[in-house]
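Here is the structure we will look at, set down as structure tokens.
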Amino acid sequence: MKQIALDIGLARGPTLASFCPGPNDAALTHLKLWAGSPTRSPVPTYLWGSAGSGKTHLLKAVAEALREQGASVGWLDASLAEPPEFSERWAVVLLDEVHLYTAVQQHAAFNWFVNAQTLQRGVLAAGELPPADLKLREDLRTRLGWGHVFHLQVLTEPERRAVLRQAADARGVFLSDEVMDFMLTRFSRDLGSLMQLLGELDGYALQTKRAITIPLIRSMLENH
């Protein structure tokens, strides 16, 4: 069955509070303590796991948490073809999708890493492979793996269902098993997308004064 791409409305940015950890609680706890500490440890942290395990959510959530504290961050992902020079204003360097980095991006990431370490600034990085398996220049690969390393697991379907049910209950919304099945089979199974969908459905149901049903979901899609 073809999955429908989810791009409805304006989603709220990822936060540490909105991350549903499941088996990844150790990584979330570590990042909450690290991002919230005024004396942030300069020891790097590396998150790895398959697509949908929450790596980018956590990096963006840390960036948001630091911005709320008035701190500036350096951000590099695979879409940034020409990374800027390292800035001493950055409190933390965030490196996402490192497994996809080009030679230019690897050079920039290494430079950022060395500068951050020299100035005792934090480094948080993420990729789909463990450090030892990354096809990157050796000096960058070894640096990514020498600090805290967390393997993020994708939530199982029962775990996603449980999180979705809990989030719906918190909103005072009833999701039937039929609606839950529809959401999990027709849309992206990424938990962040499902949470966004739930928020949109809740808003649309309130606006139309209807319960959340499969016809309501179809109606919302037609009207966006």
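Excluded from the calculations below are hydrogen atoms, water molecules and symmetry mates; all remaining heavy atoms, backbone and side chain alike, are included.
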Report task. Without swapping roles, check the side chain of Thr208 against the backbone of Tyr204 for a donor-acceptor pair under 3.5 Å. Result -> yes
**Report entry** Full working for side-chain contact (heavy atoms from CB on, under 4.5 Å) between Leu31 and Thr29
**Finding:** CA-CA 6 Å; Leu31 291 177; Thr29 299; over 6 Å; no
Requested in this report: Taking the side chain as every heavy atom from C-beta outward, state whether Leu201 and Met220 have any pair of such atoms under 4.5 Å apart.
Outcome: yes
Requested in this report: First locate atom OG of Ser72, then atom CZ of Arg67, and finally report the distance between them rounded to the nearest 0.5 Å.
Outcome: 8.0 Å
Query raised in the report: Does Cys20 reach the side chain of Gln166, with side-chain heavy atoms less than 4.5 Å apart?
Result: no
**Report entry** His148 ring center within less than 6.0 Å of Tyr46 ring center
**Finding:** no
Requested in this report: Apply side-chain contact (heavy atoms from CB on, under 4.5 Å) to Leu129 and Lys135, showing your working.
Outcome: CA-CA 9 Å; Leu129 299 169; Lys135 303 291 188 276; 5.6 Å; no
**Report entry** Note: Arg186-Asp181 ion pair, threshold 4.0 Å (strictly below)
**Finding:** no
Report task. Mind running salt bridge (charged side-chain N to carboxylate O under 4.0 Å, His left out) on Glu222 and Arg218 for me, showing each step along the way? Result -> CA-CA 6 Å; Glu222 287 167 5; Arg218 289 198 170 112; over 6 Å; no
Query - Arg141/Asp133 ion pair, N-O < 4.0 Å - result: no
Query raised in the report: Within 45° of the axis and under 6.0 Å from the centre of the six-membered ring of Phe110, does NZ or CZ of Arg143 qualify?
Result: no
Report summary line: Taken to the nearest 0.5 Å, the spacing of Leu33 CG from Leu28 CG works out to 9.5 Å
Requested in this report: Quick one: closest heavy-atom pair of Gln105 and Ser79, and the distance?
Outcome: NE2-N, 4.3 Å
Requested in this report: For residues Ala63 and Leu94, report the shortest heavy-atom separation together with the two atoms involved.
Outcome: CB-CD1, 3.6 Å
Requested in this report: Would you name the heavy atoms of Ala78 and Leu100 that are closest together and state the gap between them?
Outcome: CB-CB, 3.7 Å
Requested in this report: Test Asp177 against Arg165 for side-chain contact (heavy atoms from CB on, under 4.5 Å), laying out the working first.
Outcome: CA-CA 10 Å; Asp177 290 338; Arg165 179 81 70 197; 2.9 Å; yes
Query - Side chains of Trp112 and Leu76 in contact at under 4.5 Å (non-hydrogen atoms) - result: yes
Query raised in the report: Within a strict 4.5 Å, meaning less than it, do heavy atoms of the Leu144 and Pro44 side chains meet?
Result: no
Requested in this report: Dump the intermediate steps for side-chain contact (heavy atoms from CB on, under 4.5 Å) on Leu47 and Leu59, then the final yes or no.
Outcome: CA-CA 9 Å; Leu47 312 174; Leu59 262 66; 3.9 Å; yes
Report task. Looking only at non-hydrogen atoms, find the nearest pair between Ala109 and Tyr101 and report the distance. Result -> CB-CE2, 3.8 Å
Query raised in the report: Taking C-beta and beyond as the side chain, do Phe182 and Thr213 meet within less than 4.5 Å on heavy atoms?
Result: no
Query raised in the report: So, do Trp75 and Val93 sit near enough that their side-chain heavy atoms are less than 4.5 Å apart?
Result: no
Query - Close side-chain approach of Asp77 and Val98, heavy atoms under 4.5 Å - result: no
Query raised in the report: Short question: side chain of Trp48, backbone of Leu152 - any donor-acceptor pair under 3.5 Å?
Result: no
Query raised in the report: Does Gln69 reach the main-chain N or O of Ala35 with its side chain, forming a donor-acceptor pair under 3.5 Å?
Result: yes
Query raised in the report: Distance-only, no hydrogens or angles: does the Arg121 side chain make a donor-acceptor pair with backbone N or O of Ala91 under 3.5 Å?
Result: no
Requested in this report: Would you name the heavy atoms of Asp96 and Thr56 that are closest together and state the gap between them?
Outcome: OD2-OG1, 2.6 Å
Report task. State the OG1-CE distance between Thr185 and Met180, to the nearest 0.5 angstrom. Result -> 12.0 Å
Query raised in the report: For Glu97, does its backbone N or O pair with a side-chain atom of Glu128 as donor and acceptor, under 3.5 Å?
Result: no
Query raised in the report: Does atom NE2 of His107 have more than 12 heavy-atom neighbours, drawn from other residues, nucleotides or ligands, at distances under 6.0 Å?
Result: no
Query raised in the report: Can you tell me how far the CG atom of Leu124 sits from the CZ atom of Arg40, to the nearest 0.5 Å?
Result: 11.0 Å
Report task. Mark yes or no for whether Asn115, through its side chain, and Asn111, through its backbone, hold a donor-acceptor pair below 3.5 Å. Result -> yes
Query raised in the report: In the single-linkage hydrophobic clustering (I, L, V, M, F, W, Y; side-chain heavy atoms under 4.5 Å), do Leu221 and Leu175 co-cluster?
Result: yes
Report summary line: Here the gap from Arg160 atom CZ to Met195 atom CE, rounded to the nearest 0.5 Å, amounts to 11.0 Å
Query - Donor-acceptor pair, side chain of Ser37 and main chain of Trp34, under 3.5 angstrom - result: no
**Report entry** Side-chain heavy atoms of Leu119 within contact of Phe86, under 4.5 Å
**Finding:** yes
Query raised in the report: Does a sphere of radius 6.0 Å around CD in Glu138 hold more than 12 heavy atoms from other residues, nucleotides or ligands, not counting ones at 6.0 Å or beyond?
Result: yes
Requested in this report: Look only at the side chain of Gln117 and the backbone of Val114, and say whether a donor-acceptor pair between them is shorter than 3.5 Å.
Outcome: no
Report task. Would you sort out whether Ser50 and Ser53 count as a side chain to side chain donor-acceptor pair (under 3.5 Å), showing the intermediate values? Result -> CA-CA 6 Å; Ser50 58; Ser53 57; 5.0 Å; no
Query raised in the report: Do the side chain of Lys55 and the main chain of Gly49 share a donor and acceptor less than 3.5 angstrom apart?
Result: yes
Requested in this report: Measure the spacing between CE of Met183 and CG of Leu194 and express it to the nearest 0.5 Å.
Outcome: 5.5 Å
Report task. Indicate yes or no for a side-chain donor-acceptor contact from Gln106 to the backbone of Leu136 under 3.5 Å, with no hydrogens or angles considered. Result -> no
**Report entry** Qualifying residue for side chain to side chain contact (heavy atoms under 4.5 Å, CB included) with Leu16, from Lys60, Glu64, Lys32, His57
**Finding:** Lys32
Query raised in the report: Which pair of heavy atoms, one from Arg171 and one from Gly199, lies closest together, and at what distance?
Result: NH2-CA, 3.5 Å
